[in-house]
Amino acid sequence: MINQVYRADDNRYDGRMKYRRCGNSGIVLPEISLGLWHNFGDVDTFAESNRKVLYAFDHGVTHFDLANNYGPSFGSAEETFGAIMKKNLHPYRSEIIVSTKAGHSMWPGPYGDGGSRKNLMTSIDQSLRRMNLDYVDIFYSHRYDPTTPVEETLQALVDIVRSGKALYVGISKYPDEIARYAYGYLAERDVPCLIFQGRYNILDRMNETDGQLESARHNGVGFIAFSPLAQGLLTNRYLDGIPGDSRVARGGYLKKEALTPDMMTKIERLNEVAMRRGQTLAEMSLAWLLKNELVTSVLVGASSVAQLADNLKAIDNTAFTTEELKLIDSIVK
């Protein structure tokens, strides 16, 4: 059953988190998962990173998503998470889903990028060492690499599972046609794809129009959304200008040029809808994704425990009226 809602009955959790079945597998994921793309590198304070991870886990977030090049610097997010595992979470390893990825630029030279067997096999070993783990739960091909035969990439994923270094595999940012081929290839070798990771938010709906959501459902594959808040655009952060400590001000992936007058008008109007719902813009944006039964989980980052706490409130109200949905669509379009 796709994305069946499941509640943990372990009293150690606060009881609010809900879980959804991941495709046709036996795995459930929390509706909100914690991504360590930003804010967990060696440029960040370990104590704060530790607080955020533990706060998430104590509130039912059992899935932590990484990649070998997360940081900055490359590899440092995995090292941070490894230190947290060793210091605090090792006794709870059986209660945690850890995912990591390889495929983007990671080390110098011709073998530190792409989807080659060399890159993926080397990367999984390096990631396990950095995180002090014997295995990861999910290992992803981080991107489709058109310069490598896709069969080479997919067979490396199969062999990584068969080696015991990962329990499941996933793919991220694959074009729909290639993703559908991957699902078939992996299933034929008894290592079915567990999950597809794609960019999806109120402002960016490519995975709807390009077919990835429906292809995942048809093949019994879960779907997890990254960038659900559009790199911070779908928050209250930029309603009154650009804060000095924001990603825009720090020269991150979100650029000042994205804050056009038209975009600011959209954000302001979406914020008005959220306020009428009794939610922050971030809460509503996450809830908007979770209203879709094809979405298994959404990946949030966290610059602070307070921000994470706000995001977790999204699961409390994921119901939208027809009028609200039409209004949101009209604002975006």
Side-chain angles (χ1 to χ4, degrees), residues 17 19-20 22-23 25 27-41 44 49-50 52-57 59-72 74-85 89 92-93 95-104 106 120 123-124 126-128 130-133 135-143 157 160 165-174 193-201 207 216 221-229 231 253 286 289-290 295-303 307-308 311-312 314:
M17 181 56 69
Y19 301 79
R20 298 187 181 189
C22 190
S25 76
I27 288 294
V28 295
L29 295 180
E31 289 190 336
I32 294 180
S33 301
L34 183 62
L36 281 72
W37 182 20
H38 299 293
N39 304 309
F40 293 89
D44 302 290
S49 297
N50 187 58
K52 287 181 289 190
V53 169
L54 297 187
Y55 182 91
F57 185 59
H59 288 78
V61 176
T62 53
H63 177 214
F64 300 92
D65 180 79
L66 299 103
N68 60 350
N69 66 341
Y70 284 0
F74 288 173
S76 61
E78 288 184 330
E79 290 173 348
T80 296
F81 186 76
I84 295 170
M85 282 294 303
L89 292 181
Y92 308 106
R93 178 66 183 96
E95 300 177 42
I96 294 171
I97 298 289
V98 180
S99 62
T100 195
K101 318 176 193 72
H104 281 296
M106 177 60 189
L120 268 59
S123 294
I124 184 64
Q126 293 176 353
S127 291
L128 292 176
R130 283 190 289 265
M131 292 191 286
N132 298 305
L133 297 177
Y135 68 94
V136 293
D137 298 276
I138 308 169
F139 185 70
Y140 285 89
S141 170
H142 204 169
R143 68 177 179 96
L157 294 180
I160 285 168
K165 296 175 182 179
L167 302 184
Y168 303 90
V169 296
I171 59 175
S172 177
K173 298 177 293 190
Y174 272 48
C193 184
L194 177 73
I195 194 165
F196 182 96
Q197 186 171 135
R199 185 192 308 274
Y200 189 28
N201 57 61
N207 285 288
V221 175
F223 183 97
I224 186 166
F226 76 86
S227 195
L229 302 179
Q231 292 294 298
Y253 284 87
L286 297 173
L289 288 169
L290 290 170
V295 174
T296 308
S297 183
V298 296
L299 279 168
V300 301
S303 60
Q307 183 187 74
L308 179 58
N311 290 344
L312 292 176

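The figures here come from the full heavy-atom set of this structure, side chains too, leaving out hydrogens, waters and symmetry mates. Remember, it's a predicted structure, so these values are computed and weren't measured experimentally.
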A.B. asks: Is the backbone N or O of Leu34 less than 3.5 Å from a side-chain atom of Lys52, with the two atoms forming a donor-acceptor pair by type?
C.D. replies: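 Judged by distance alone, no pair lies under 3.5 Å.
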A.B. asks: Are the side chains of Arg93 and Leu133 in contact, using a 4.5 Å heavy-atom criterion?
C.D. replies: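 Side-chain contact under 4.5 Å: yes.
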A.B. asks: May I ask you to check whether Ser99 and Asp65 show a side-chain donor-acceptor distance below 3.5 Å?
C.D. replies: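 A pair is found: one side chain offers a donor N or O, the other an acceptor, under 3.5 Å apart.
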A.B. asks: Quick one: does Asn201's side chain have a donor or acceptor within less than 3.5 Å of a partner on Ser227's backbone?
C.D. replies: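 Yes, the answer is positive, given that a donor and an acceptor are paired below the 3.5 Å cut-off.
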A.B. asks: Is there a donor-acceptor pair under 3.5 Å between the side chain of Lys173 and the backbone N or O of Gly198?
C.D. replies: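 Side chain of Lys173 to backbone of Gly198, a donor-acceptor pair under 3.5 Å: no, none is there.
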A.B. asks: Let me confirm one number: the OG-NZ distance from Ser127 to Lys101, rounded to the nearest 0.5 Å.
C.D. replies: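 Reported to 0.5 Å precision, the distance equals 10.0 Å.
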A.B. asks: Ignoring hydrogens and angles, state whether a donor on the side chain of Thr100 or Tyr70 is under 3.5 Å from an acceptor on the partner side chain.
C.D. replies: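 Thr100 vs Tyr70: no donor-acceptor pair found between side chains.
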A.B. asks: Would you mind reporting whether Val61 and Met17 have side-chain heavy atoms less than 4.5 Å apart?
C.D. replies: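 Heavy-atom side-chain distance check passes, below 4.5 Å.
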A.B. asks: Working to the nearest 0.5 Å, report the span between CD of Glu78 and CG of Asn132.
C.D. replies: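 If we round to the nearest 0.5 Å, Glu78:CD and Asn132:CG are 11.0 Å apart.
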A.B. asks: Could you walk me through whether Phe40 and Leu66 pass the side chain to side chain contact (heavy atoms under 4.5 Å, CB included) check?
C.D. replies: CA-CA 10 Å; Phe40 293 89; Leu66 299 103; over 6 Å; no
A.B. asks: Nearest heavy-atom pair of Tyr55 and Leu312: which atoms, and what distance?
C.D. replies: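 That closest heavy-atom pairing would be CE2-CD1, 3.9 Å.
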A.B. asks: Restricting to non-hydrogen atoms, name the atom on Ser141 and the atom on Tyr174 that form the minimum distance, rounded to 0.1 Å.
C.D. replies: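 Shortest heavy-atom separation between Ser141 and Tyr174 comes out as OG-OH, 2.7 Å.
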A.B. asks: Any side-chain to backbone donor/acceptor pair from Asn50 onto Ile84? Under 3.5 Å, distance only.
C.D. replies: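 Side chain of Asn50 to backbone of Ile84, a donor-acceptor pair under 3.5 Å: no, none is there.
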A.B. asks: Give a yes or no on whether the backbone of Ile124 and the side-chain of Lys165 come within a donor-acceptor separation of less than 3.5 Å.
C.D. replies: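 No.
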A.B. asks: Would a distance-only check, ignoring hydrogens and angles, find a side-chain to backbone donor-acceptor pair under 3.5 Å from Ser297 to Ile224?
C.D. replies: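 The answer is no, because no donor-acceptor pair under 3.5 Å joins these two groups.
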A.B. asks: How long is the span from the CD atom in Gln231 to the NE2 atom in His38, to the nearest 0.5 Å?
C.D. replies: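 Rounded to the nearest 0.5 Å, the CD-NE2 separation comes out at 4.5 Å.
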A.B. asks: Anything under 30° is parallel, anything over 60° is perpendicular, the rest tilted; go ahead and classify Phe223 against Tyr200.
C.D. replies: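 Perpendicular, since the angle between the ring planes exceeds 60°.
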A.B. asks: Do Thr80 and Ser49 get their side chains close enough for a donor-acceptor pair, meaning under 3.5 Å?
C.D. replies: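 Absent: no donor and acceptor within the cut-off.
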A.B. asks: Against Ile97, only a single residue in Ile138, Val28, Val136 fulfils side chain to side chain contact (heavy atoms under 4.5 Å, CB included); can you say which?
C.D. replies: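 It is Ile138; the other options fail the test.
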A.B. asks: Measuring from Met85:CE to Phe64:CZ, what's the distance to the nearest 0.5 Å?
C.D. replies: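 Result: 9.0 Å between the selected atoms.
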A.B. asks: Just by distance, do the side chain of Arg20 and the backbone of Leu290 share a donor-acceptor pair under 3.5 Å?
C.D. replies: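 Pair found, side chain donor or acceptor close to backbone of Leu290.
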A.B. asks: Just verifying a value: how many Å separate Asp137 CG and Thr62 OG1, rounded to the nearest 0.5 Å?
C.D. replies: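 Asp137 atom CG to Thr62 atom OG1 measures 9.5 Å (nearest 0.5 Å).
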A.B. asks: Classify the angle between the aromatic ring planes of His142 and His104 as parallel (below 30°), tilted (30 to 60°) or perpendicular (above 60°).
C.D. replies: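 His142 vs His104 ring planes: perpendicular.
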A.B. asks: Measuring from Met106:CE to Gln126:CD, what's the distance to the nearest 0.5 Å?
C.D. replies: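 Here the rounded value is 6.0 Å.
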A.B. asks: Are there more than 12 heavy atoms of other residues, nucleotides or ligands under 6.0 Å from atom CZ of Arg143?
C.D. replies: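 Atom CZ in Arg143 is crowded, with more than 12 foreign heavy atoms closer than 6.0 Å.
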A.B. asks: State whether the side chain of Ser76 and the backbone N or O of Gly71 hold a donor-acceptor pair below 3.5 Å, judged by distance alone.
C.D. replies: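 Between the backbone of Gly71 and the side chain of Ser76 there is no qualifying donor-acceptor contact (under 3.5 Å).
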A.B. asks: Go through it in stages, so that I can follow the logic: the residues are Asn311 and Leu229, the test is side chain to side chain contact (heavy atoms under 4.5 Å, CB included), and I'd like the CA-CA distance, side-chain angles, deciding distance and then a yes or no.
C.D. replies: CA-CA 10 Å; Asn311 290 344; Leu229 302 179; 4.1 Å; yes
A.B. asks: Can you give me the closest heavy-atom contact between Ser123 and Asn68, atom names plus distance?
C.D. replies: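 It is OG-ND2, 3.3 Å.
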A.B. asks: Start with the C-alpha distance between Phe196 and Asn207, add both sets of side-chain angles, then the distance that settles side chain to side chain contact (heavy atoms under 4.5 Å, CB included), and finish with yes or no.
C.D. replies: CA-CA 11 Å; Phe196 182 96; Asn207 285 288; 3.8 Å; yes
A.B. asks: Using every non-hydrogen atom in the two residues, find where Ala77 and Leu36 come nearest and quote the distance to one decimal.
C.D. replies: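 Looking at all heavy atoms of both residues, the closest pair is CB-O, 3.6 Å.
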A.B. asks: Are any side-chain N or O atoms of Tyr19 and backbone N or O atoms of Gly60, one a donor and one an acceptor, separated by less than 3.5 Å?
C.D. replies: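 Yes: the side chain of Tyr19 pairs with the backbone of Gly60.
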A.B. asks: Which heavy-atom pair separates Ile195 from Cys22 by the least distance, and what is that distance?
C.D. replies: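 Smallest interatomic distance, heavy atoms only, reads CD1-SG, 3.9 Å.
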A.B. asks: Of all the heavy-atom pairs spanning Ala302 and Leu308, show the shortest one and how long it is.
C.D. replies: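 For Ala302 versus Leu308, the nearest heavy atoms are CB-CB, 4.0 Å.
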A.B. asks: Should Leu299 and Trp37 count as side-chain neighbours, where that means a heavy-atom distance under 4.5 Å?
C.D. replies: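 With C-beta onward as the side chain, the pair stays apart.
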